[in-house]
Every structure is written in C-alpha cells, then in structure tokens.
> 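One structure is given below, represented as structure tokens, and several questions about it will come after.
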2 protein chains.
Amino acid sequence: MTTTDSGVRQRTRRAILEAAAALWARDFSASLGDIADRAEVSRSTLHRYFPERQALVDALLLDSQESLEEAWSTAVAASSTPIETLENIMGAIVDLADRILFLFSDPARFEGNPHWRADDDDGMSDLIRAAQASGDLDADIAPTFVMGVMYSLIYVTAESVAAGTLPRHKATETVVRIFRHGLTARS
Amino acid sequence: MTTTDSGVRQRTRRAILEAAAALWARDFSASLGDIADRAEVSRSTLHRYFPERQALVDALLLDSQESLEEAWSTAVAASSTPIETLENIMGAIVDLADRILFLFSDPARFEGNPHWRADDDDGMSDLIRAAQASGDLDADIAPTFVMGVMYSLIYVTAESVAAGTLPRHKATETVVRIFRHGLTARS
DNA sequence: TGAGAATAGGACATGAGTGTGTCATTCTGC
DNA sequence: GCAGAATGACACACTCATGTCCTATTCTCA
C-alpha cells in the first residue's frame, strides 16, 4: 500500500467502490455486508480496504468527484457555447448516474466533510447563468432549480436505461432534447 | 378506536403521519425516534398508535394513496383533454411531494404489500398514451419514462418551494411549462 | 514449486433502533 | 371537580450493523 499496489488490490478496490456506488446511490443505509456481497468479497476484505464505514464513504466521494470532473473537462473541451457545454455534460454523465445520485441526492450528506468540493456546483451555476444571459435558457428560473431539473432528468434517464425502457443510444439525445425544449426561453 | 375516535386521537395520528411522510420521503431509514421527535410526541405514544414500524408504513401508504387519488379525481373533473388532465395533476400534487416520494422513490419498497395499489400508475400510463395518440406528447418516448420525468419534476419543484428558491404561486406554472415544452411532439 | 500476499470465515464486543411493558402525570369532557 | 382518556418518562430484552480480532485457505508471482 505504501509502495506500488498490485493489480489485484486495485481490482478489488474498484469492485468495492462500484458496489458501494450502486447500492448507496439508491439507499445510503445499505449495510457494508450488502456491499461486500455485491462486490463478491467477504466483509473482512472490505474492512481491510476501508477500516470504517466513513473511510469508504470518503473514498467513494473522492472517486465520484474525480469521475465527474473528468467527464466535465471532456465536455467543456468539446463545446463552444454555455448551452452546448451544459448539453454535452448531461449526455456525458448519464453513465455516471450512480455517482451523481450518491453525491447529490442528499444535500446534507457531505456537510462538513473535508473532501467535499462544491466546485462542480459553482461551475454549473456559472454555466447556467451564462446560458441565461445569452438567451439560451429562461432567465426567470433560478439556477438552483435548473440544476435540480438537470440532475433529475439525468437520473430518470439512467434509470430507464438500466430498466431497459430506453435504449442506451437514444439516452443522450432524449435527455438533452427534454432539457433544451423544457427550459428554453420563451420568445 | 372501535367506536368514535376523539378529536385528540385524530390530531395525534395525523401529526405522526405527517412527520413520517416528511422524514421517510427523503430517508426511509429514519428512526421511529426521529419521527416521534418531529411529531412532538414521545416514542411511547407513537408505539401506542402504531405498534410496529410496519403498521406505520402501511398506514402512511394507505393515507398517501388516498390523498393522491383525491387530487387525481379533482384534476380529472376539471379537465377535458388527456394532456390537460396530466398538467392539472402535476399542478395539484406539488403539495403532495412528500407522499409522492414516499410512494414512488423506491419501486421495490411496497413489493408484496397487500395495501399497495398500482392503479395510479396504470391510470397515468393510459393518460400518457392518450396524450401521445392525440399528438400532444411525443410518441417516441415510453410512457414509463414520461412518468419518471413527471415525478422528478414534481419533486424538484416541491424541493425548490420548500427551500425558498421558487415562490409557491409560481410552482405550478413552472412545472407545467417545463413538462409541456420538454415533452411536446416535434412538429 | 515455494514464499508471501490476499482472502474467506469465523468469534466477539459494542452501540443504535425496535418492541414491550409499567407507572406517574397531564389533559379532556361531562 | 372528577373519572377516564391520553401522554411522557423510564426500564428491559432483542436484533442487527459495525468494528476488531484470529486462523485456515487460496491465489500470485518469482
């Protein structure tokens, strides 16, 4: 752990994080035993990687924020206008729905957590404000509310994809269309 | 209880149900102690009204479904077309966000519960299909997905109202506008 | 193949939530 | 004001998730 982690350790760690994200996204009270089962790992092993529940929470928090920022950067790099950036972000993070839910479903979950970064939220707010200023988004609606709608749409879309109701290749197009048409400024 | 419940008993019962709805809407693992505190009642009293946790769950399930169906009936009575009905329902149940969340946030929560009625969902699906048939809603989108969007929008709206971000009197108009413009058929 | 890493499967103590009971106190309606 | 309803404040046993051990087994890589 101090030097180089073997490939085995990395895989096990990823499996636990993935399992935690999948379960905690929908029910933060899911037990460590459930997570261990889902990761196909014994509870002993889980505790070896993450001594206490909080350690796993923190690790997942950091990992989720990292994934999100990566998707964010990619979307920004591929866009020229604020509204285009927002749409690209929405499309990109449909696959990260578990992380989104874990991070944002309960506003108070990470209150006071030293690893928590509100940067994402701020950046998003700025983008929304910019899109409103340029007339692409309805200026009557509070940025906070717009963000809520964005996350909700992403969540519903991801759920539908998981349930098989919505084909994956149509997901991005659908969520962006609903977002754009539903929040477009009245002309 | 067998004959006529005193006004006191009814008020206490309502207070407990309201508290349970408010807490369980956001965190179904909230303890009975928390609910008792919120209802300004001792845990003893709560247990006197609802002997076990499941009894409170069932009671809240029944009560929530009842409230929802009442709002539903009112909306149906005041509307003539399917799309109009859907919009009226959305406006009417913004105030019932806690109940909506409690009922629908976890699809598996009431699986196998004898009190659970899927009628609401079916009726909603029928309305959505009708609205799609008449060209008011995009027929490319699965009714299940449309329902998910509706519930999400209702939730976000109710949250914003509670947080003070969105004035109550603007809530209905806002949520309906987003719903309609975001899901309208492309012409 | 052998050494060391990695894991599974327990036992055990602890704390929180739950369910049940009892008793004293407060409130309500006649 | 009084009887009975309604409630609050405890005490207790029980269950389950958590955290900490320890040992036997399996896996990985040199």
> Of the candidate nucleotides dT7(D), dT18(C), dT7(C), which contains the atom at the shortest distance from the side chain of V8(B)?
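Of dT7(D), dT18(C), dT7(C), dT7(D) is nearest to the side chain of V8(B).
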
> Taking for each residue the nucleotide of DNA chain C bearing the nearest heavy atom, is the 5' side occupied by T45(A) or by G7(B)?
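Whichever sits nearer the 5' end wins; that is T45(A).
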
> Can you tell me if the side-chain N/O atoms of Y49(A) get under 4.0 Å from OP1 or OP2 in dT7(C)?
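Yes, because at least one side-chain N or O of Y49(A) sits under 4.0 Å from OP1 or OP2 of dT7(C).
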
> Test your reading of the model: is there a side-chain donor-acceptor pair from Q132(B) to the backbone of A142(B), 3.5 Å cut-off?
no

> Could you state the atom-to-atom distance from CZ of R53(A) to P of dC16(D) in whole Å?
17 Å

> Which of the following nucleotides, dT20(C), dA6(C), dT7(D), is nearest to the side chain of R48(B)?
dT7(D)

> How many Å lie between NE2 on H47(A) and P on dT18(D), as a whole number?
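Checked: the NE2 to P distance equals 7 Å.
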
> Can you check salt bridge (Lys or Arg N to Asp or Glu O under 4.0 Å) on K170(A) and D140(B), steps first, answer last?
CA-CA 10 Å; K170(A) 276 191 166 187; D140(B) 281 351; 5.2 Å; no

> What's the spacing between L23(A) CG and D98(A) CG if we round to 0.5 Å?
9.0 Å

> Which whole-number value in Å describes the distance from L32(B) CG to dG19(C) P?
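Roughly 6 Å, once rounded to whole Å.
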
> Tell me the interatomic distance from L23(A), atom CG, to dA17(D), atom P, rounded to whole angstroms.
13 Å

> Tell me: CD of Q10(B) to P of dT28(C), nearest whole Å?
16 Å

> Students often get this wrong, so: under 4.0 angstrom with heavy atoms, is E40(A) touching a base, only sugar-phosphate, or nothing?
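Here E40(A) touches the backbone only, sparing every base.
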
> Counting only side-chain heavy atoms from C-beta out, which of dC21(D), dT7(D), dT7(C) sits nearest to S44(A)?
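Within the option list, the nearest is dC21(D).
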
> So F50(A), base contact, sugar-phosphate only, or nothing? Heavy-atom distance under 4.0 Å.
nothing

> For M124(A) and W72(A), which heavy atoms make the closest approach, and how far apart are they?
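The pair with the smallest heavy-atom distance is N-CH2, 3.4 Å.
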
> From the list dA6(D), dT18(C), dG19(D), which nucleotide is the closest neighbour of the side chain of R9(B)?
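Among dA6(D), dT18(C), dG19(D), the one nearest the side chain of R9(B) is dA6(D).
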
> Can you tell me if R109(A) uses its side chain to pair, donor with acceptor, with the backbone of F102(A) under 3.5 Å?
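Between the backbone of F102(A) and the side chain of R109(A) there is a qualifying donor-acceptor contact (under 3.5 Å).
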
> Can you say whether the rings of F110(A) and W116(A) are parallel (under 30°), tilted (30 to 60°) or perpendicular (over 60°)?
parallel

> Rounding to a whole Å, what distance do you find between F28(B):CZ and dG17(C):C1'?
14 Å

> Between the axis at one end of the helix from dT1(C)-dA30(D) to dC30(C)-dG1(D) and the axis at the other (five pairs apiece), what's the angle to 10 degrees?
40°

> Rounded off to whole Å, could you give me the CG-to-C1' distance for the D37(B) and dG17(C) pair?
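In whole Å, dG17(C) C1' lies 13 Å from D37(B) CG.
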
> From the set dT7(D), dG19(C), dT20(D), return the single nucleotide nearest to any side-chain atom of T12(B).
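Per side-chain heavy atoms of T12(B), the pick is dT7(D).
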
> So which nucleotide from dG19(D), dT7(D), dT7(C) ends up closest to the side chain of E52(A)?
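So the side chain of E52(A) is nearest to dG19(D).
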
> Figure out the CZ/C1' separation between R43(B) and dG19(C), and round it to whole Å.
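Roughly 8 Å, once rounded to whole Å.
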
> Within 45 degrees of the axis of the six-membered ring of F50(B) and under 6.0 Å from its centre: does R13(B) put its NZ or CZ there?
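Verdict for F50(B): no cation-pi partner in R13(B).
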
